[in-house]
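A short worksheet on the structure shown next.
These figures come from a predicted structure and were not determined experimentally. Scope of the values below: all heavy atoms of this structure, side chains included, with no hydrogens, waters or symmetry mates.
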Amino acid sequence: MPATEIRENKRAMSDTTPLTPSRFAPLRREDPRRIGPYTLDGRIGIGGIGAVYAGHQPGIPGHAAIKTVREELAGNAEFRARFARETVLAKRASGMCLPCYYDGDTEADMPWLATEFIPGPSLRTYVRNRGPLTGDHLTALGVGLADALTRIHAQGVVHQDLKPGNIILGPHAPKLVDFGIARAVDQTALARSGGAAGTAGWMSPEACAGGELTGRSDVFSWGSLMAFAATGREPFGAGPVDTLAERVMEDEPDIEGVPGPLLPLVRAALAKAPRERPDAVELVPVLVEQWSGSRPATALAGVKAMLTEVWTGMATPVPAPARSLRRLRRGLAVGAAAVAVLTLAGTAAVAAPSALEALAGGVTGDQGGQSGQAGDDGGGDGSVGADGADSGGAEDSDGGGGGEDGDTGGREDGDTGGREDGDAPSGPPPEAVDQATDQGVGAGAAVGSADGTIGVFSADGVATLHANVYNVVSGPDGVQITVNGQSMGVREQVPSFDQSNFYVIADGERIDPSQAFTYTPQLDYPMEQEPNENTLVFPGAPETGLLVFQTPEVAGAQPGPVGLCYSTAQGAYFTTDYSQCT
């Protein structure tokens, strides 16, 4: 199927796709229930650095987005310094188009940072599902981002990672989020195993070349974002990191379709030489004048007037707190004898009953569009779907969920969930789980972006392997899925994997991939920036099925397989709601 036809079909199917979920994803068994003064209401997302939770303070309305650092990284001086710097910058920079800083503790055993929770989709999610921005909304986006950059640059800071996943289209204004790799202009960037910090395809030419960065480096990225928002196309296309860097440094951007009034500003912002670009502070009055016909008395007055009048119709529902899995399990006990539950085997996590996950709100990983607040966009920092292991095995003191009602809800201790030796399995296959462990090594399956279009398989120990899956499409050859490998931690110990580590289960049948490939950690590239891409092709696979990843052996351990449901029929997404594919 031609790429243009695939995009048109996806757009036709996704016009009514909700941009935000009805509920936050449930907390996992190992998650804290409180962080600082905040009671946690659910998960927003998870990424390479840590989880992002939704929380509230009793008696205070609204939610906070609480970003944390994973336990194994909290003891790493580099990551702790990076997180502390992000907290300082969040305090210093403020404005209509930046998230409000609430609180934080960078000295805690698990460092955390709380900022305003912004209900709304990322720019990437919006464009993918609704198409490019047009008219005053497009101009208002440009004004809002330019104002945010002006305020950041006034603090002597370069953001350094403007990209569609770091822009949240909030109800009252667009918001620029994630100061994870921002740095003061007069400081040296934190070392990240060599290479420039940023996201390939959205960096400035000088950033790609490892040169000096200034505020005009962010302006180049502003131009790229405006081109994407106006056309739906990435101005330097897609491809490996080296290819994208070469295009940014040498080639002209694809800006065909940018509206006439904006085109001169976008073209100037995308000049290869920083001296030929405007400063962010120069962009604001020009854009406001395009809208109002006159220069504002002050930049702040112009931004407020424009966003108040123009930024309408962008509100999305605030997700409700995740439902209590204990309470749901009890409710499910009434008349639930037919629900199949897998047995806890050893230390491996198990699948939740599909009906339980359905009652939990049908979470599919689209957590309020907070891909930027969770650190999204290709790196896997996004939101997580309903946690099968938590639902299926947690809090067994309830006696399987039905003791109080005198009903076991279809589960007795020692029951195999409808499976007896020699009997055909009933209920989900054993691969329909999102966690498994073996000898201290954990395997996981999670939704890696707020819109559900990225899935992440992981193997975590001293060395961490991520297999990111995305671009799931149906075509004449079956279902095709792109896979990208990343290595973290003690990278020399991260194993390779190949196509034989994947298979699809659909209608009770196993489908193996038809094309061979091998991923080997690319140690010459920085962590989370390995540019490999390979294609899984599953001949004859249907539009919906269970994608399974069998973790390769890690330090003598090999956790059991984990899975993600995929669908190409409803906008192309992954989910851990196994009722959708089993």
Side-chain angles (χ1 to χ4, degrees), residues 48 78-79 81-82 85-86 88-89 92-93 145-146 148-167 176 178-228 234-255 265-283 375 377-379 522-531:
E78 176 185 339
F79 277 92
R82 172 178 166 183
R85 185 184 61 206
E86 179 178 359
V88 170
L89 296 182
R92 286 165 50 184
L145 296 184
L149 288 178
T150 297
R151 294 170 181 277
I152 292 171
H153 297 166
Q155 301 297 323
V157 170
V158 179
H159 186 282
Q160 207 173 337
D161 199 25
L162 270 74
K163 57 186 178 183
N166 280 346
I167 312 302
L176 172 59
D178 197 354
F179 294 106
I181 62 173
R183 67 180 179 89
V185 175
D186 60 352
Q187 291 178 337
T188 301
L190 287 176
R192 298 187 66 201
S193 304
T199 301
W202 301 100
M203 298 158 63
S204 64
E206 59 271 24
C208 292
E212 180 184 359
L213 302 183
T214 67
R216 292 184 178 183
S217 304
D218 283 340
V219 169
F220 185 95
S221 300
W222 176 91
S224 295
L225 280 170
M226 292 303 294
F228 172 77
E234 301 192 12
F236 296 99
V241 171
D242 288 348
T243 300
L244 288 171
E246 183 177 353
R247 289 177 190 162
V248 168
M249 291 187 290
E250 303 293 340
D251 296 351
E252 290 302 312
D254 175 9
I255 55 176
L265 287 177
V266 171
R267 184 178 287 119
L270 289 170
K272 302 298 183 189
R275 66 179 180 276
E276 297 175 6
R277 301 174 206 147
D279 290 314
V281 69
E282 299 175 68
L283 294 171
D377 223 359
Q522 298 168 287
L523 302 183
D524 291 338
Y525 288 89
M527 283 191 296
E528 303 180 64
Q529 294 190 34
E530 296 173 54

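Using a 30° and 60° split on the angle between ring planes, Phe220 and Phe236 fall in the parallel class, below 30°.
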Determine, step by step, whether Met203 and Leu244 satisfy the side-chain contact (heavy atoms from CB on, under 4.5 Å) criterion, reporting the C-alpha distance in whole Å, the side-chain angles of both residues, the deciding distance to 0.1 Å, and the verdict. CA-CA 9 Å; Met203 298 158 63; Leu244 288 171; over 6 Å; no
Is there a side-chain contact (heavy atoms from CB on, under 4.5 Å) between Arg277 and Leu270? Walk through the geometry before answering. CA-CA 7 Å; Arg277 301 174 206 147; Leu270 289 170; over 6 Å; no
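The distance from the NZ atom of Lys163 to the CG atom of Leu176 is 11.5 Å, given to the nearest 0.5 Å.
Across all their heavy atoms, Val266 and Gly223 have their closest contact at CG1-O, 3.7 Å. Counting all heavy atoms, side chain and backbone alike, Gly215 lies closest to Val158 at N-CG2, 4.1 Å. Minimum heavy-atom separation, Asn166 to His159: ND2-CE1, 4.2 Å. Of all heavy-atom pairs between Val248 and Lys272, the closest is O-NZ, 2.5 Å.
Arg151 meets the salt bridge (Lys or Arg N to Asp or Glu O under 4.0 Å) test with Asp147; sequence neighbours excluded. Under the rule for a side chain to side chain contact (heavy atoms under 4.5 Å, CB included), the partners of Ser217 that lie at least two apart in sequence or sit in another chain are Ser204, Glu206, Leu213, Thr214. By the salt bridge (Lys or Arg N to Asp or Glu O under 4.0 Å) test, Asp279 pairs with Arg216, sequence neighbours left out. A search for side chain to side chain contact (heavy atoms under 4.5 Å, CB included) contacts involving Asp254 returns Arg233, Glu256, not counting sequence neighbours. Not a single side chain to side chain donor-acceptor pair (under 3.5 Å) links Glu246 to another residue, sequence neighbours left out. Residues satisfying the side chain to side chain contact (heavy atoms under 4.5 Å, CB included) criterion with Ala280, sequence neighbours excluded, are Leu149, Thr150, His153, Val219. For the salt bridge (Lys or Arg N to Asp or Glu O under 4.0 Å) test, no residue two or more places apart in sequence or in another chain qualifies with Asp242. Under the side chain to side chain contact (heavy atoms under 4.5 Å, CB included) criterion, Ala154 pairs with no residue at all, not counting sequence neighbours.
Without hydrogens or angle criteria, Gln155 side chain to Ala93 main chain gives no donor-acceptor distance under 3.5 Å.
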